[in-house]
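Step one of this worksheet: look at the structure below.
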Amino acid sequence: MDLAQRIRRRRRRGADRPIVLDYEPLNPVAHVQEPVGRGPVLERVLDHLDPVFEGTLPPDVYVWGPSGSGKSAIVTALFDRLQSMTVQPHAVIHTSTRAQTVELPTFVYVDARVANSEFQLYHRVLEAVSSDDVPQQGVSTAELRSRLQDTVGGSSGVVLAVDHVDEPESLTTAQLTEWFEPFGHTVSLLLVGRTPGEDVHGEWPDEEIEIPGYGQQVLIDVLMTRGSDGLARDALQHSQARKIASWAGGDAHDALAALFGAADRADAAGVERIRDEDVETGIDAVPSPCVPLGVVLSLRANRQRVLRELLDLDSDERASVTTTTKAIAGIDNIDLSPGTVKRFLYELAERGVVERVSASQADGHGRPPSRVEPRFPTLVFRRLYDLHRHE
DNA sequence: GATCCACGGGAATACACGGATG
DNA sequence: CATCCGTGTATTCCCGTGGATC
């Protein structure tokens, strides 16, 4: 348990809520220090990175696996650790075979959902590599690239992980390889995506690592472990974890989202243990198909605001896109015009965050209305959004 | 002045339906 | 009967503006 977690627990205890001690371990997008049950996969990624301990950079690699298979968890945990080794004074590794030391490259992790332009990408990397501040505006993309080239050229190289490639509104493998082509062998890419390599980019020239989905038992372990980190003692029963795991079909994101929802519900009810009905509620609050929570949380603030308000509307306010629009734009201090709210809703539908459901029958004139349904874990989003607004 | 980006507004287009038209 | 038209709605699309920084 780290310090931040200890403090969060104390704060929660003060709130007189018996079940949830800390929401973070239940958060599907939380970064964990030690991913549970992913040892073999970690080993394979480490095998690939092995050359860095000999002083050279590994070739580019494409890591892929189904949603909720722990890709982000593995890569963030690994890069966090490797990065801290680089920053620490003992960044120099003494190899046993040769009495000589090697310098580790810089390890940088970038989420392409957040850094989704060439400029943003260079910015993140540059900020990680050089210790100075890097301007966000007023400097051209080309300028940033050449600054980055200068900086990287004089260093021992960069291993750059780019997560969530080839999603809508993020970056493609083609773009990334093109942008870093001029960097030659000073930057090694580790791209993380969901689809098999051959499907997206026919001739990916380099290695790839496949990450399989979680098995049933392992997923139950994940739930029990995270549950015991975040919940009061014995609040979650093994049979309940089993039920969630079997519903989730190996998807740890969906499973954790359901557990989060269940715990939140039980917490609000003031009971001491999660009830089976809470599990039901938690599962129901995760639609299928479900867009990853990370997609929602990387949306711009105003769009998240609209989604948050959407969750509080009653059903006749959600009868059509237009009435939904009016209801949301009419809320005090929302500060968005109806036209803009409406455009947001259509944009969000395009990204799969909400789904348009057209009414079966038109009553009266005009094109039949359609309403929007959330396609993200509603209880989790609501709780996390409200928590972060109050801090 | 150049640069990137977020934001907001609304025009333009597509669609569904009932009823008028040839 | 086939087609067109008007109306009201849904959906898409484009572009200007302004903040902030170098």
Side-chain angles (χ1 to χ4, degrees), chain A residues 108 110-151 162 164 167-172 175-176 178-180 182 291 294-310 313 315-375 385 388-389:
Chain A
V108 186
V110 173
D111 183 353
R113 285 174 184 155
V114 184
N116 60 355
S117 69
E118 189 177 5
F119 183 91
Q120 288 298 335
L121 187 66
Y122 294 146
H123 187 272
R124 301 274 167 149
V125 181
L126 196 49
E127 198 135 70
V129 174
S130 73
S131 40
D132 324 333
D133 284 346
V134 184
Q136 271 282 2
Q137 289 121 352
V139 52
S140 74
T141 303
E143 164 69 17
L144 218 54
R145 172 174 47 233
S146 80
R147 281 200 209 179
L148 183 57
Q149 276 175 319
D150 291 348
T151 313
V162 185
H164 306 123
E167 287 184 3
E169 305 292 310
S170 82
L171 304 171
T172 65
Q175 286 174 314
L176 288 159
E178 182 192 333
W179 293 340
F180 283 100
V291 81
V295 167
V296 182
L297 295 177
S298 63
L299 292 169
R300 251 88 87 188
N302 272 343
R303 280 149 236 248
Q304 291 194 43
R305 177 84 199 280
V306 167
L307 286 178
R308 176 65 186 88
E309 300 298 348
L310 177 66
L313 299 183
S315 62
D316 38 311
E317 285 173 312
R318 289 190 292 111
S320 77
V321 174
T322 306
T323 56
T324 305
T325 294
K326 283 180 188 149
I328 293 178
I331 293 167
D332 281 349
N333 67 46
I334 187 105
D335 204 24
L336 293 172
S337 79
T340 302
V341 172
K342 188 177 267 192
R343 185 169 54 77
F344 281 4
L345 290 175
Y346 283 114
E347 271 179 24
L348 292 165
E350 184 117 358
R351 283 193 77 171
V353 175
V354 297
E355 184 183 359
R356 295 199 315 264
V357 183
S358 44
S360 46
Q361 50 190 359
D363 71 323
H365 295 284
R367 190 173 173 168
S370 56
R371 61 203 157 79
V372 293
E373 293 282 340
R375 280 284 171 258
Y385 185 90
H388 291 146
R389 282 190 63 79

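Here is how names work: the chains are called A, B, and so on, in the same order as the sequence lines, proteins then strands, and each is numbered from 1.
Nucleotide dC5(B) holds its C1' atom 16 Å from the CG atom of Leu121(A), rounded to whole Å. Distance, Arg343(A) CZ to dA11(B) C1': 13 Å, rounded to whole Å. One atom, CZ of Phe344(A), and another, P of dA10(C), lie 19 Å apart when rounded to the nearest Å. Note: NZ (Lys342(A)) to C1' (dT13(B)) measures 14 Å, nearest angstrom. Look at CG on Leu345(A): it is 12 Å from C1' on dT11(C), rounded to the nearest Å. The separation between Glu347(A) atom CD and dC14(C) atom P is 13 Å, rounded to whole Å. Rounded to a whole Å, the NE2 atom of His123(A) is 13 Å from the C1' atom of dT3(B). When the C1' atom of dT3(B) is taken as reference, atom CZ of Arg145(A) falls 15 Å away, rounded to whole Å.
Remark: Arg318(A) CZ to Ile328(A) CD1 distance equals 10.0 Å, nearest 0.5 Å. Here the straight-line distance linking atom CG of Leu121(A) with atom CG of Asp111(A) works out to 11.0 Å at 0.5 Å rounding. Rounding to the nearest 0.5 Å gives a distance of 5.0 Å between OG1 of Thr325(A) and CG of Leu345(A). In this structure, the separation between CG on Leu310(A) and CZ on Arg305(A) is 13.0 Å, given to the nearest 0.5 Å.
Set against dT11(C), dC5(B), dC14(C), the side chain of Val321(A) has dT11(C) as its closest nucleotide.
For Ser370(A), a side-chain nitrogen or oxygen approaches OP1 or OP2 of dT11(C) to under 4.0 Å. For dC4(B), the OP1/OP2 oxygens have a side-chain nitrogen or oxygen of Thr141(A) closer than 4.0 Å. Side-chain nitrogen and oxygen atoms of Ser320(A) include none within less than 4.0 Å of the OP1 or OP2 phosphate oxygen of dT9(C). Between Arg356(A) and dT12(C) there is a side-chain polar atom (N or O) within less than 4.0 angstrom of OP1 or OP2. Regarding contacts with the backbone of dT12(C), every side-chain N or O of Tyr346(A) stays at 4.0 angstrom or more from both OP1 and OP2. For the OP1/OP2 pair of dG9(B) and a distance below 4.0 Å, the side-chain nitrogens and oxygens of Ser337(A) include at least one atom meeting the criterion.
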* **Under 4.0 Å protein heavy-atom contacts per nucleotide of nucleotides 15-22 of chain C, with B for base, S for backbone only and - for none** => ----BBBB
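Looking only at distances, no side-chain donor or acceptor of Thr151(A) sits under 3.5 Å from a matching main-chain atom of Ser130(A).
A heavy-atom distance below 4.5 Å is found between the side chains of Arg113(A) and Glu167(A). Contact of the Pro135(A) side chain with the Glu143(A) side chain is not registered, since no non-hydrogen atoms from C-beta on lie closer than 4.5 Å. Counting only heavy atoms from C-beta outward, the side chains of Pro374(A) and Leu307(A) never approach each other to under 4.5 Å.
Contacts with DNA chain C (heavy atom under 4.0 Å) in residues 296-310 of chain A: none are found.
No side-chain N or O of Tyr346(A) forms a donor-acceptor pair with one of Glu350(A) less than 3.5 Å apart.
Taking the ring centre of Tyr122(A) as origin, the terminal cationic atom of Arg145(A) falls outside the region bounded by 6.0 Å and 45° from the ring axis.
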